[in-house]
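Bear in mind that the values here come from a model prediction, so they are computed numbers and not experimental data.
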Amino acid sequence: MPPDCTSAFYQENAETYAKRARSLPKQQLDAFLAGLAPGAAILELGCGGGQDSAYMLAHGFDVTPTDGSTELARQAQALIGRPVRVMLFQELDADSAFDGVWAHASLLHVPRSELPDVFARIWRALRTGGILHASFKAGEAEGHDGFGRYYNYPSAEWLSELLTKGGWRNIAISESDGGGYDGKPTRWLIVGAER
């Protein structure tokens, strides 16, 4: 996440953001977990308040939660009772270490120019056959929301092309209507891909 209003927002509003009423993306979590062997190693990028990690841990998976915000990591640690690594996506440096990467509503803050590198880092971090789940707010051009947070707002075509160029297989992108922290109606892109 760029060192600007986006990271400042999460640092300053960590507790409120982490403890907000949020329904788990259960359908997406269950579909993702169904594609993995029991106890598989999962890297969560941008764990926020830790609810998704808690769900995956409760289902017996070996989860490594990370977040770019020290304050949010602290909130997540309090919820799940285990360390949360403070790390920017651009610092991911693992090699064939995970069976799955869960990046729900987190990579949407990566500047478009840095996304190819971040996807390459995720690709390297996965074992062959490993799977990625990511979700983005759909759009045609990068911009900021009412809180000043940066979003890359990609289209499904743009993302599909980027992932194809990066060597990903079995790319599936679906769209759904929902909301976000800002309370505005949001068109979401849900991405699944395999290394």
Examine distances only and state if a side-chain atom of [X] and a backbone atom of [Y] form a donor-acceptor pair shorter than 3.5 Å.
| X | Y | result |
| --- | --- | --- |
| Arg121 | Gln90 | yes |
| Arg169 | Arg195 | yes |
| Ser135 | Ala105 | yes |
| Glu114 | Pro111 | no |
| Gln11 | Thr70 | yes |
| Asn13 | Tyr17 | no |

If I compare all heavy atoms of [X] with all of [Y], which pair ends up nearest, and what's the gap?
| X | Y | answer |
| --- | --- | --- |
| Ala73 | Val86 | CB-CG2, 3.7 Å |
| Ala54 | Leu79 | CB-CD2, 4.3 Å |
| Glu142 | Arg112 | OE1-N, 3.7 Å |
| Ser53 | Ile80 | CB-CD1, 4.3 Å |
| Pro116 | Ser113 | CD-O, 3.7 Å |
| Leu107 | Leu115 | O-CD2, 4.2 Å |

Membership question, hydrophobic clusters at under 4.5 Å side-chain separation (ILVMFWY): are [Y] and [X] in the same one?
| X | Y | answer |
| --- | --- | --- |
| Leu29 | Leu45 | no |
| Val110 | Leu108 | yes |
| Leu33 | Val191 | no |
| Trp158 | Trp123 | yes |
| Ile131 | Phe136 | no |

From [atom1] ([X]) to [atom2] ([Y]), nearest 0.5 Å:
| X | Y | atom1 | atom2 | answer |
| --- | --- | --- | --- | --- |
| Thr6 | His144 | OG1 | NE2 | 5.5 Å |
| Leu163 | Phe119 | CG | CZ | 4.5 Å |
| Arg187 | Glu175 | CZ | CD | 4.5 Å |
| His104 | Cys47 | NE2 | SG | 13.5 Å |
| Leu24 | Asp52 | CG | CG | 5.5 Å |
| Phe89 | Thr66 | CZ | OG1 | 7.0 Å |

Problem - Over 12 foreign heavy atoms within 6.0 Å of CZ, Arg85 - result: no
Handout entry: Over 12 non-hydrogen atoms of neighbours within 6.0 angstrom of CD in Glu91
Key = yes
Do the non-hydrogen side-chain atoms of [X] and [Y] ever get within less than 4.5 Å of each other?
| X | Y | result |
| --- | --- | --- |
| His133 | Ile190 | yes |
| Asp67 | Gln75 | no |
| Trp102 | Pro25 | yes |
| Leu36 | Phe98 | no |
| Ser106 | Glu44 | no |
| Trp168 | Ile122 | yes |

Exercise for the section: Give the ring-plane orientation class for Tyr55 versus His59, where under 30° counts as parallel, over 60° as perpendicular and anything between as tilted. Expected result: tilted
Problem - Lys184: side chain to side chain contact (heavy atoms under 4.5 Å, CB included) partners, not counting sequence neighbours - result: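 With neighbours one apart ignored, the set is Asp182.
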Handout entry: Ring centre gap for Phe9 and Tyr181 strictly below 6.0 Å
Key =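 Yes, close enough.
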Handout entry: Asp99/Arg127 salt bridge by N-O under 4.0 Å criterion
Key = yes
Practice task
State whether a side-chain donor-acceptor pair under 3.5 Å links Tyr10 with Glu71.
Solution key: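 Distance-only check fails for Tyr10 and Glu71.
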